[in-house]
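One structure is given here, and the rest of the page talks about it.
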Amino acid sequence: MATPQSDPSLSPLRTIAVVGLGTMGTGITEVLATAGREVIGIDISEAQAGRSLAALEAATARAVVRGRLTEQERSDTLARIRVGTDLTAAADADLVIEVVPESYEIKHQVLRELDGIVRPETILATGTNALSVTRLAADSARPERVLGLHFFNPAPAMKLVEVVSSVLTAPGAVAAVTDLAIELGKEPVAVGDRPGFVADGLLFGYLNQAAAMYEAKYASREDIDAAMRLGCGLPMGPLALLDLIGIDTARTVLEAMYAESRDRLHAPAPILKQLSEAGLTGRKSGRGFYSYEAPGSPAVVRDALTPLDGAAPTPGRTVRSVGVAGSGTMASGIAEVFAKAGYEVVLAARSEEKAQAAKARIGKSLDRSVGKGRMTAEAAAQTLDLITPAGSYDAFADVDLAVEAVAEDLEVKRQLFQALDKVCKPGAVLATTTSSLPVVACARATSRPQDVIGMHFFNPAPAMKLVEVVRTVLTAEDVHATVREVCGRIRKHAVDCGDRAGFIVNALLFPYLNNAIKMVEEHYASLDDIDAAMKLGGGYPMGPFELLDVVGLDVSLAIEKVLHREFRDPGLAPAPLLEHLVAAGCLGRKTGRGFREYARR
């Protein structure tokens with residue numbers, strides 16, 4: 001079925017010029033023409049203008065095949081597009097959108113020339129995501145008609161459009177392009193003029209931290225990307241995304257952000273400069289953080305850094321039975337995961353009653369799986385029979401692997417590891433599920449620190465595929481190999497990292513969440529606009545404030561404090577608004593109020 005097209009009579013912006021016909025300019029042209037606008041595509045290169053027109057013909061043909069356009073609508077759409085190399089063709093445009101390279105010099109030149117070509121009432125929009133709209137507007141003959149109109153790539157698919165006002169922008173111009181964005185089927189978000197605006201302002205800080213993490217050899221590129229995809233539900237890992245965006249483009253955006261904020265989190269990681277200057281700019285050059293089949297190809301190929309397939313060089317220890325310490329949601333979830341994989345599980349808590357309650361919770365979870373057709377009633381009963389509840393850690397005497405999932409309190413965990421050291425047999429692997437505390441501190445509480453390792457599961461453990469495997473400087477190689485093998489058997493994706501605050505996921509996630517809170521504190525954007533921007537522009541499954549309220553503001557604050565204390569970076573200091581909400585008891589969904597209010601059950 002064909003998609004209904006917008007009625008261009010609703011908007012005074014009927015004829016629109018797009019200057020710069022690269023990937024973004026071509027995508028914007030497609031969106032405008034499909035929605036009934038007359039589009040004048042202009043590029044300095046005749047060859048590029050031709051390539052753009054060919055790409056538009058191919059894209060609209062695909063739309064017909066997929067039932068999004070009829071043949072007649074495709075024909076009408078293409079008839080509304082003219083391409084050329086002469087900027088004077090924009091003379092009749094009601095709106096000009098420039099998407100030329102991210103350079104003040106180039107953009108100034110284009111806008112100055114347009115000043116002498118277009119009508120006085122024509123709106124000039126810059127597609128920049130890194131440069132100052134105010135600075136670009138100030139040099140225009142009509143600064144009140146200049147604003148930012150930031151589409152996201154690929155423009156036909158991405159719903160978000162950031163409408164950027166400077167202090168010089170006329171409200172009427174903002175209203176006109178906002179109405180246009182809505183008529184195009186986009187969701188406009190109004191923002192002020194600062195580098196990166198909302199979506200890229202949050203996204204590029206996160207990407208920069210990921211690049212720095214890789215540069216420090218803390219984790220492999222594959223593990224960093226897998227951790228963020230599987231731990232946060234992101235469509236792409238940060239290093240693969242940097243390759244897609246272009247490492248040179250990312251560096252430009254970050255330099256602009258750092259020039260304004262002076263926040264060290266925005267100072268481009270040196271590896272971005274090194275790769276850019278070597279011409280290794282990502283997919284477009286055929287090599288960046290990864291190597292690609294050819295320039296422009298999305299197909300990743302093996303290179304010298306690609307991990308070898310096959311078994312670990314060090315054999316692991318035999319694991320037949322597993323002890324899980326704790327009685328909360330995480331402990332019962334982990335016990336369920338091991339039992340489903342066929343392991344005998346001892347689920348121990350501080351009392352027999354707590355352990356029995358945890359097993360009952362697992363029973364209900366298995367019943368839900370049966371109800372959804374994910375397992376048979378017989379398999380659920382067999383799984384539950386593998387779990388033995390116990391009111392004492394003495395029941396761990398014969399387990400091969402002991403996994404603790406008790407309170408996130410270092411003293412509590414130390415005391416537990418002292419107990420496990422006395423109870424567990426020689427050679428048993430002792431694992432902590434901590435998400436923020438030093439694993440080595442747990443290890444040092446035992447007489448066998450070489451047997452201690454981190455296994456950071458994600459909540460809910462039965463559903464989440466990721467486990468961060470955290471080695472300390474004391475962890476034995478065969479202990480690491482054992483846990484990697486076990487992760488494979490319980491069908492989890494293991495990523496390796498060292499023993500430092502936040503490991504991979506939290507070290508990258510929580511500075512991003514903290515920066516979102518700072519945007520609200522500074523009255524730069526609203527909660528709703530920021531959440532919408534990250535879901536629509538970044539492909540995030542939840543906006544930052546939705547996620548904070550789900551995680552719990554107290555938990556989030558504790559992790560922020562740990563990161564700040566370990567890395568001692570002023571940019572990681574918890575946002576005061578987060579501290580104030582926690583002090584007021586507004587902890588998120590669990591209390592009925594956090595950044596938003598929730599209906600009490």
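Hydrogens, waters and symmetry mates play no part in the numbers below; they use all other heavy atoms, side chains included.
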Worksheet item: Where the side chain of N153 meets the backbone of M24, is there a donor-acceptor pair that is under 3.5 Å apart?
Response: no

Discussion item. For E293, is the CD atom crowded, meaning more than 12 foreign heavy atoms sit under 6.0 Å from it?
Written reply: no

Worksheet, complete the sentence: Across all chains, not counting sequence neighbours, the ring-ring contact (aromatic ring centres under 6.0 Å, His included) partners of F152 are H150

Worksheet item: Heavy-atom count around R221 CZ within 6.0 Å, excluding the residue itself: above 12?
Response: yes

Practice prompt. Output, in order, the C-alpha distance, side-chain angles, deciding distance and verdict of side chain to side chain contact (heavy atoms under 4.5 Å, CB included) for E71 and T60.
Written response: CA-CA 9 Å; E71 280 289 359; T60 51; over 6 Å; no

Worksheet item: Are any side-chain N or O atoms of E144 and backbone N or O atoms of L168, one a donor and one an acceptor, separated by less than 3.5 Å?
Response: no

Worksheet item: Nearest heavy-atom pair of T34 and R80: which atoms, and what distance?
Response: O-NH2, 4.1 Å

Fill in: Set of residues satisfying side chain to side chain contact (heavy atoms under 4.5 Å, CB included) with respect to A93, sequence neighbours excluded
A17, V96

Worksheet item: Could you state the interatomic distance from CG (L578) to CG (L548), rounded to the nearest 0.5 Å?
Response: 7.0 Å

Worksheet item: Should I16 and L180 be marked as a side chain to side chain contact (heavy atoms under 4.5 Å, CB included) after you check the CA-CA gap, both sets of side-chain angles, and the distance that decides it?
Response: CA-CA 11 Å; I16 300 170; L180 172 67; 3.8 Å; yes

Discussion item. So, taking the atom named CG in N129 and the one named CG in D200, what distance separates them when rounded to the nearest 0.5 Å?
Written reply: 4.5 Å

Discussion item. Salt bridge or not between K518 and E522? Use side-chain N to carboxylate O under 4.0 Å.
Written reply: no

Worksheet item: For T249 and K284, what are the C-alpha separation, side-chain angles and deciding distance, and is it a side chain to side chain contact (heavy atoms under 4.5 Å, CB included)?
Response: CA-CA 11 Å; T249 301; K284 59 189 174 186; 3.9 Å; yes

Worksheet item: Would you find a donor on one side and an acceptor on the other, under 3.5 Å apart, between the side chain of N514 and the backbone of A573?
Response: yes

Discussion item. As a quick check of understanding, evaluate salt bridge (charged side-chain N to carboxylate O under 4.0 Å, His left out) for R251 and E277, giving each step before the final call.
Written reply: CA-CA 11 Å; R251 179 186 169 199; E277 293 185 349; 3.7 Å; yes

Worksheet entry | Exceeds 12 heavy-atom contacts within 6.0 angstrom, atom CD1 of I44 | no

Item to complete: Using the six-membered ring of Y258, assess whether NZ or CZ of R262 lies under 6.0 Å from its centre and within 45 degrees of the ring axis.
Response: yes

Response to the item:
I504 and A219 have their tightest heavy-atom pair at CD1-CB, 3.8 Å

Worksheet item: Are the side chain of K186 and the backbone of A155 linked by a donor-acceptor contact shorter than 3.5 Å?
Response: yes

Practice prompt. Determine yes or no for a side-chain-to-main-chain donor-acceptor pair under 3.5 angstrom, with R283 supplying the side chain and L244 the backbone.
Written response: no

Worksheet item: Once you round to the nearest 0.5 Å, how far does CG of L572 lie from CG of D569?
Response: 4.5 Å

Worksheet item: Sub-3.5 Å donor-acceptor pair from the side chain of S285 to the main-chain atoms of T281, do we have one?
Response: yes

Discussion item. Minimum heavy-atom separation for S556 and V551, please, with both atom names.
Written reply: OG-CG1, 3.6 Å

Worksheet entry | Note, L136 side chain near L111 side chain (heavy atom, < 4.5 Å) | yes

Item to complete: Look at E187 together with K535 and state whether they make a salt bridge at an N to O cut-off of under 4.0 Å.
Response: no

Worksheet item: Using 4.0 Å as the upper bound for N to carboxylate O, is an ion pair formed by D94 and R119?
Response: yes

Worksheet entry | Expected output: side-chain E215 to main-chain I271 donor-acceptor under 3.5 Å | yes

Fill in: Residues forming a side-chain hydrogen bond (donor to acceptor under 3.5 Å, both in side chains) with R589, sequence neighbours excluded
none

Fill in: Those residues that, when tested against Y598, pass side-chain hydrogen bond (donor to acceptor under 3.5 Å, both in side chains) (two or more places apart)
D549

Discussion item. Is it the case that over 12 heavy atoms from other parts of the model lie below 6.0 angstrom from the CD atom of E46?
Written reply: no

Worksheet item: CG of N506 to CD of E560: how many Å apart, nearest 0.5 Å?
Response: 9.5 Å

Worksheet item: Looking at residues at least two apart in the chain, or sitting in another chain, which of them share a side-chain hydrogen bond (donor to acceptor under 3.5 Å, both in side chains) with D86?
Response: T88

Item to complete: Measure the CG-CZ distance between L305 and F289 for me, rounded to the nearest 0.5 Å.
Response: 11.5 Å

Worksheet item: For V253, does its backbone N or O pair with a side-chain atom of E102 as donor and acceptor, under 3.5 Å?
Response: no

Worksheet item: Does a donor on one side chain and an acceptor on the other come within less than 3.5 Å for S132 and D193?
Response: yes

Practice prompt. Hey, could you give me the NE2/CG distance between H493 and D223, rounded to the nearest 0.5 Å?
Written response: 6.0 Å

Worksheet, complete the sentence: In terms of heavy-atom contacts, L149 and A125 come closest through CB-CB, 3.8 Å

Worksheet item: Counting N and O atoms only, with roles assigned by atom type, does the side chain of T15 sit under 3.5 Å from a partner on the main chain of E38, one being a donor and the other an acceptor?
Response: no

Practice prompt. Report the residue from L124, V100, I42 that forms a side chain to side chain contact (heavy atoms under 4.5 Å, CB included) with V110.
Written response: V100

Worksheet item: Just checking, is any N or O donor in the side chain of T29 or T26 under 3.5 Å from an acceptor N or O on the other one?
Response: no

Practice prompt. For S140 and D115, test the side chains for any donor-to-acceptor distance below 3.5 angstrom and give the result as yes or no.
Written response: yes

Worksheet item: Hey, does the side chain of N208 reach the backbone of A211 with a donor-acceptor pair shorter than 3.5 angstrom?
Response: no

Discussion item. Tell me the closest heavy-atom pair linking L509 and M228, and the distance in Å.
Written reply: N-CE, 4.4 Å

Worksheet item: Is R500 positioned over the aromatic face of Y218, cation under 6.0 angstrom from the ring centre and no more than 45 degrees off axis?
Response: yes

Discussion item. Between Y540 and Y512 (judged by ring centroids, cut-off 6.0 Å), do the two rings come close enough to count as a pair?
Written reply: yes

Item to complete: Identify whether NZ of Lys or CZ of Arg in R194 sits under 6.0 Å from the centre of the six-membered ring of Y524 and within 45° of that ring's axis.
Response: yes

Practice prompt. Only counting residues at least two apart or in another chain, list the ones meeting side-chain hydrogen bond (donor to acceptor under 3.5 Å, both in side chains) with R51.
Written response: Q48

Discussion item. To check you understand the geometry: which heavy-atom pair defines the closest contact between F545 and D531, and what is its length?
Written reply: N-OD1, 2.9 Å

Practice prompt. Please assess E98 against K107 for the test salt bridge (charged side-chain N to carboxylate O under 4.0 Å, His left out), listing each intermediate value before the final yes or no.
Written response: CA-CA 8 Å; E98 70 76 14; K107 290 184 185 291; 2.9 Å; yes

Practice prompt. Tell me, with the steps shown, if Y290 and D225 meet side chain to side chain donor-acceptor pair (under 3.5 Å).
Written response: CA-CA 11 Å; Y290 295 90; D225 279 354; 2.6 Å; yes

Discussion item. Testing the 3.5 Å rule here: is there a donor-acceptor pair between the side chains of D248 and S276?
Written reply: no

Worksheet item: Are any of the side-chain nitrogens in R62 or E57 under 4.0 Å away from the carboxylate oxygens of its partner?
Response: no

Item to complete: I would like to know whether L160 and V189 meet side chain to side chain contact (heavy atoms under 4.5 Å, CB included); could you show each step before the answer?
Response: CA-CA 7 Å; L160 181 67; V189 171; 3.5 Å; yes

Discussion item. Does R302, at its CZ atom, have more than 12 non-hydrogen atoms belonging to other residues, nucleotides or ligands within less than 6.0 Å?
Written reply: yes

